[in-house]
Each structure stands twice: as C-alpha cells, then as structure tokens.
Amino acid sequence: MSENVVHLHKHTNPPAEPAAVDMAPTVLTVVPDAPPARPVPLWVRSGRAVKTAVTHERTKSAGRAVVRHGLYTFNGGRIAARRAWDGRTGSRYERMIRAAEAAGNMEAAEEWEERLQRFRAARHHRRMDLLHSPVDAAKGVAVGAGMSVGVLVALGVVLAISTGQAADVVTPLTATIDFIALLIRIVQIVWGPAVTIGPFLALLALWSVGRKQHAAPQWALPANVRSGEGEPITPSIVVKALRDLGVPALARAIKEMGDAGASMLGPITIAGCGVEVDVTLPSGVSTNEVQSKRRKLAENLTRHEHEVFITIPQAARTVRLWIADSGALDEPIGPSPLVTDETMTADYKKGKAPWGQDLRGDAAALSLYQRHLLITGLSNQGKTVALRSLALWLSLDRSVQFLMGDLKGVGDWAMFDGLATTLIQGPTDEHVIQVTEMVESAVDEMNRRIQAPPGTVFPPLIVLVDEAQVAFMCPAKDEDKRPYGGSKANSRYFMAVRKIHNQGRAVNVLMWQGTQDPTNENLPKLVREGAHTRASLALGTESQARMALGDKAVDGGAAPNLLRPGLDRGTLVVASDGITIPAGQSSITVRTHYIDDNAATAITDRAKALRDGVTTLHAIERKEEHDPLADIAAVIGDAPRVRTKDVLARLATHNPSAYGEWSFIDLKRVLDDAGAEPYKSDGVMVVSRDRVARALTNRDNQGSASAE
C-alpha cells in the first residue's frame, strides 16, 4: 500500500478533501515558506537611478542645450573679435589677395593690393591726426567754453533788460549749471546698475551672434537645425562642406582663403531636380581625393549619399557636383511616351528611343543605330525592363527583325511571340544550346550579307539574349566536345558573339545582351569591350563597375556601385556615344521609365499591326547529321593525297550547309582527333588518303567492340 504525501506550507489551509476516498494513508508534512527575497542594496538602486537619469532623453536634451548655448556665447565672442580685427587691420584684404592668387586671377589680386594700400594710407592719416588731436581738442574746448559763457551772459543781459531786474543777468548761466548737475546725478544713479548689467548685455550680444551663425557642433544643435533636410545649397555651404571633407591640403587652402573660399566655385545653376556647380580645387588637391569621399561630402551638404554625384569635367583640377533636392530622387518620373502616345513610331536609323530622364530632369533618349548593347546589374534591379523598353520602341519600326533568347524563361519576353522571328525561353542547358545555335544562325546571316554586292541595304537584325550569363556559364558540350559556354577559343556561344561584335555592325546585325553581376567568368572581357553602348544598374563593387562600364567611365565619375540596390531600381549609368552626355563627362545617369507587362503587350500589339505577320520559331531546326571524317574520305577519292585547300573546297561543294564556313583549323581539328593529321609534302599541307581510311577503320572497329 502506497502513501500519499501532502506538503502543507505554514499559514495555509489544508487542501479540500477529495471527492473519492483513497484507502492509502496520508502523511502530512509541514514545509516552511520560502525565505523572502533579499532586499536590493541602496547603492545598487541609486546607481540604476543615476544610469536611468543619465540616459534619459530629457537629460540628453538638457546637456545638449547647455553645451549649445555655452558655445554660442564663446564662439560668438570669437566671431565678434574676428570682425573687429578685420575692421581694424588689413587681414581681410590679405585673405582676398591670397584667394585671388590661389585661383590664378592676378588682376583681382592687384585690385585687392591697391585697396589694401589705400586702407593703410587712410589708417596712417588717422593715426597722425591723433597726435595733434589732444591740443586741438583742448583749444576747441576752451574756445567753445568761452563762447558759451559769453552767449549765456549776453542772453542774461537781454533777459534783465526785459524784466528790469539786474539779477536775471546770471539766470541762464545758473540754469545751465543746474542742468549739468542734474545730468551728473542721473549718470551717478544709472552707472552702478549699468556696470552690473553691462557684462550680461555683452554676453547676450555675443550669444545672439553665435546663435545666428549656428556656432556649435552639429550634435548639439536643435533637431530642426541639425537635420538641415531640404536646406538650399549656397556657396558658403559648399565651401564649408569641402573644408570639412577631411582633405588636409584642401582644408588648409580654404582656411587661408577665409570667406573667399567661394572663389573656387563656379555659378550654382539649377539642374533638373537639383543644382550643379563646378569646383576648381586648389593646388595640391587631386580630384580623386574628393571623389573618394562622396558620402562625407553628401552628409556635409545635408544630403544622402545617393543625392550627390561627382563627375570630372574637361577643366583641369575641377570636379562637378550635382546635388539633388532632398528626397527628389525618390519620386517617380512618370510614364513612358511609348505608353502615353499610341501614335508613336520608331526609326532605327535616325530616331532615338525614349528611355527615361537624366538627373537634370531632361528627357534621355538613346540612338540604337549600328550599336551593340550591353546592360548589366544586380538581380531584380530592372535590367529586363530597361532592355525590353528599347526593344519595344524599335519594334515600332516594321523593318526591324528580332532573334530573341530569354534564359530566365518566366515570360518577360512573351509579348514578342508573333513579332520576333525566333523566341527561345527557358533556363536549362537545352535552352542554352538552342540560343547558341540561334546566335550562330545570325553569324551565318551576317556572313551572307557581307558577301553581298557592295551597296546592298539590309534590314536591321537584333540578336537579343537576356540573362546571357547563363550561356557563358553553361557546362554542356556538343558531339565534337566543344563547350557551349566559357570564354575559350572553342566556346560556341562566346565565339558567335565575338564574330557579330567584330563584323555585324557594318551589315546591321547587332548583338544585345543583358546579364547579372558581371565577373570575368560570366561576362568575358572581349564581350564586354565589344559593346558600343554599355549601361549598368546597381552593382556591388567598384571592380564590377569597371567590368560593366570600363575604366574610362569609372575614372570619370561613373559609379553604379554607389546606387542603392532596391531603392534605385531602374536607374542606369550609361556610357555611350548614342546618348547626349554633358561635355567633359564619360557617362550619364538615367532614370528609366517603367513599362509593365500589360503596357508592353499593348505596344507589341501595335507593332504587330504594322507588319504582315511573323511566324515565331520557338526552337532551332537542327541541321542534318553528317560524318566529317567519312565526308573527307569521300572527297579525297582515289588520290593518295590531296592538298588541304582542295579538301576544304570539295567539302564546301559536297555539303555547303555543313562545311561552307570551314577553315583549315576546323579540318585539322577533325583529322587530329581521328589520328589522321595533315602533313607537309613538297612545302604544302596535304591530307593522306591512307591515314583517313585507317582512321575510319579503327573507328569502326572500336565501335563494333563497344557494341559487343
């Protein structure tokens, strides 16, 4: 029989009796209450209270207020002393002379030198006058006192004659003496309080000067002053921002120039949703020192980093600052003219695609005539939309033909079905193979056009591949072990793109590519440099920016790596001669119009209405299977050996579609792989009939053994 143990705490009632009676005996044990918690020491509570008081927002605000108003008074005294010193000495003129010399303006320096000489001459004249002024003042006082007494006595005589009382002769004199005594008494009464209050009034005046100049650290200023959001850009603000940039030579030069640091600045002009100003840097300061401190410069100008752009104009030792109105770049730019103007058409040769707006707010239009195109950027930044908007505009020219490969395959280009001659959509290796063969077919068309009679005009053929990095990184190989991806000489996609880059422009066969996150692996250097128009959305690093746009554009101020991923979606940095770029700059920043899928479909419907109808292929028709080694044996015939040149000619006649583009390298590759290498005979390269026959026999025997 088990025991039921019930623990009872002191000062508690026993538990209620259970409804069902348990036959086991119950043992009651008394457990004392848990000891009370130990009281928190007084010093611990005091420390917590002090910590809470120190970290409380009201305490912080009070501390900032004390520091702020104290520095207002102190720095106000410094400002007043500086103004007084400038008024009494020629230091102001000397600063102006140094500023003019630093700016190379010698005429202004000579003018300020003349003003300084005139100031010194006038000051010397005043000091010489002070040497004679005590004697002159004493003489003046004596003469003035005598004349005043005489006038008062004469006035008294007139008064006495008028009243007939001789005592009135001194009445004016005694009245004047009483008035002077009254003034002295008033001064005696006021002097004491004035001496007491005077220092406080002086401190109040200095505090007022400091407050007006905000002469305190940023962290101590009030919130509405400290934020400075939307503060208009003035010369003094730009000079202070440059002075506090952390470039010692720049800060030292501005300090020597004083307020005349504004002489470094050109006119501040309104430019779109911001302002623009050219800054001529003093000697010893390079432009890249300012470029590398873009974030700090923006913060000094009370702007975010993305609201300040630094470019390098043609003038030496000069940077061009474009400073946006606070928050202006976060506002949308409005719909594309392609959407709002249903009557718009395109002209491939003479027209320009309405792409968006530049930072000035002006329309940014891009010429596509005979220019290969490359757009890159991080994923989900608007690359496809930016590339598609150009194709949408060009589709409104009925003469333009499209070959399209979408290696993302989510339907971003589906509206071109019935408009493009070929449209391949999908991310697999098989889709890469299809896209590669599509580009190779464009190479064949390019070669056909090149061989046409001079003067023949060909319609534009746009070969567009979106997500091209999938093709470059594809590991698949063909039956001849040639890789589709990669950047080697036997890479099929790479070599096809290179051939179009080399010769396609002359016959209006153009290569457009969109790719993500450019690296040497997924975007080879030769392909990058083959594009005439290069544009980039937000990127992660400066090295990627150089891959996307080239060293010249980045060294000139292009910085897609400083765009904000997600927030600056659709904003491109463009390097191209097909778009209007300000003089002296190598790139331009464009905020592209957003055209959604529904609007894009409506535009392509208008484009289809301009055409007679296009049948879109969704796969490349495979060429007939052929056996190169057997064909080589066939064209050699019974001759013991044939020159390689003749073998190539006979192969081209035997099967033009398969061997029409063959070169000696292609022939040698097949023969080397089979063990029937060509060799020299009488100084020319020849192909041996016996070697080819032996290679065929060995291959057939190996095939039979494998089958068994």
Side-chain angles (χ1 to χ4, degrees), residues 245-247 286-299 303-312 319-322 324 329-330 359 372-387 407-408 465-473 485-487 494 497 513-576 581 585-592:
L245 202 54
V247 180
S286 62
T287 55
N288 62 348
E289 289 181 282
V290 177
Q291 277 186 299
S292 62
K293 295 182 177 292
R294 177 187 175 193
R295 172 175 292 182
K296 190 170 186 178
L297 177 62
E299 292 173 350
R303 295 295 190 272
H304 297 292
E305 183 179 11
H306 72 278
E307 294 176 330
V308 174
F309 287 81
I310 306 173
T311 54
I312 309 299
V319 293
R320 178 168 294 160
L321 307 181
W322 184 86
L329 294 183
D330 296 327
L359 295 178
H372 301 302
L373 176 67
L374 172 65
I375 298 180
T376 186
L378 297 178
S379 177
N380 197 31
Q381 298 304 308
K383 168 180 54 61
T384 296
V385 173
L387 182 61
L407 294 177
K408 184 189 296 182
V465 179
D466 196 11
E467 305 296 340
Q469 78 279 355
V470 177
F472 285 113
M473 300 182 71
S487 58
F494 171 76
V497 172
Q513 294 183 98
T515 182
Q516 291 183 15
D517 194 16
T519 64
N520 286 323
E521 289 74 23
N522 63 23
L523 189 59
K525 179 180 180 182
L526 293 177
V527 172
R528 301 195 303 260
E529 295 180 348
H532 302 99
T533 296
R534 299 167 70 173
S536 176
L537 295 110
L539 290 174
T541 64
E542 181 180 328
S543 63
Q544 290 178 332
R546 292 184 180 276
M547 292 180 185
L549 299 177
D551 292 336
K552 179 181 179 181
V554 174
D555 291 338
N561 53 301
L562 297 181
L563 294 174
R564 302 167 298 167
L567 297 177
D568 289 326
R569 186 180 288 111
T571 300
L572 286 163
V573 181
V574 185
S576 172
I581 297 178
Q585 296 181 201
S586 57
S587 65
I588 186 172
T589 301
V590 176
R591 302 172 68 198
T592 58

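Worth knowing before you read on, the calculation uses all heavy atoms, side chains too, and leaves out hydrogens, waters and symmetry mates.
Across every non-hydrogen atom of D555 and R546, the tightest pair is OD1-NH2, 2.9 Å. The shortest heavy-atom contact between P518 and L539 is CD-CD2, 3.5 Å. The minimum heavy-atom distance between S587 and A558, with the atom names listed, is OG-CB, 3.3 Å. I588 and I581 make their closest contact through CG2-CG1, 4.0 Å (heavy atoms, listed as atom of the first residue, atom of the second, distance). Minimum heavy-atom separation, L374 to A531: CB-CB, 3.7 Å. Contact between G382 and L537 at its shortest, heavy atoms only, is C-CD2, 4.0 Å.
Under the salt bridge (Lys or Arg N to Asp or Glu O under 4.0 Å) criterion, the residue pairs touching residues 286-298 are R295-E305, with sequence neighbours excluded.
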- Item | side chain to side chain contact (heavy atoms under 4.5 Å, CB included) evaluation trace for F472 with V527 | CA-CA 10 Å; F472 285 113; V527 172; 3.8 Å; yes
- Message: Could you go through L572 and T589, starting from their C-alpha distance and side-chain angles, then the distance that decides it, and tell me whether this counts as side chain to side chain contact (heavy atoms under 4.5 Å, CB included)?
- Response: CA-CA 6 Å; L572 286 163; T589 301; over 6 Å; no
- Assess whether side chain to side chain contact (heavy atoms under 4.5 Å, CB included) is satisfied between K383 and D466, documenting all intermediate values. CA-CA 9 Å; K383 168 180 54 61; D466 196 11; 3.2 Å; yes
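With a 4.5 Å cut-off on side-chain heavy atoms, V497 and Q513 count as touching. Side-chain contact check for V590 versus T571: every heavy-atom pair is 4.5 Å or farther apart. For the pair E467 and T384, the minimum side-chain heavy-atom distance is below 4.5 Å. Inter-residue side-chain proximity for R569 and N380 is flagged as met; some heavy-atom pair is nearer than 4.5 Å. Counting heavy atoms from C-beta on, the side chains of T592 and V385 never come closer than 4.5 Å. Between N561 and T541 the shortest side-chain heavy-atom distance does not fall below 4.5 Å.
Checked for salt-bridge contact, E529 and R534 miss the test: no charged N lies under 4.0 Å from a carboxylate O.
L378 CG to Q516 CD: the interatomic distance, rounded to the nearest 0.5 Å, is 8.5 Å. Annotation: the span from R591 atom CZ to D568 atom CG amounts to 8.5 Å, rounded to 0.5 Å. Atom CG in L567 sits 10.5 Å away from atom NE2 in H304 (nearest 0.5 Å).
Applying the side-chain hydrogen bond (donor to acceptor under 3.5 Å, both in side chains) test to S487 and every residue at least two apart in sequence or in another chain returns nothing. Here H372 pairs with H501, H532 under the ring pair (Phe, Tyr, Trp, His ring centres under 6.0 Å) rule; sequence neighbours left out. A search for ring pair (Phe, Tyr, Trp, His ring centres under 6.0 Å) contacts involving F494 returns nothing, not counting sequence neighbours. Residues that satisfy the side-chain hydrogen bond (donor to acceptor under 3.5 Å, both in side chains) test with E521, not counting sequence neighbours, are T519. Every residue two or more places apart in sequence or in another chain was checked for a side-chain hydrogen bond (donor to acceptor under 3.5 Å, both in side chains) with S379, and none qualifies.
Put simply, the side chain of Q381 gets close to the backbone of G566: a donor and an acceptor are under 3.5 Å apart.
Checking N520 against R528 by side-chain atom types alone, a donor-acceptor pair falls below 3.5 Å.
Tested against Q469, the residues N522, D517, T515 include a single side chain to side chain donor-acceptor pair (under 3.5 Å) partner, T515.
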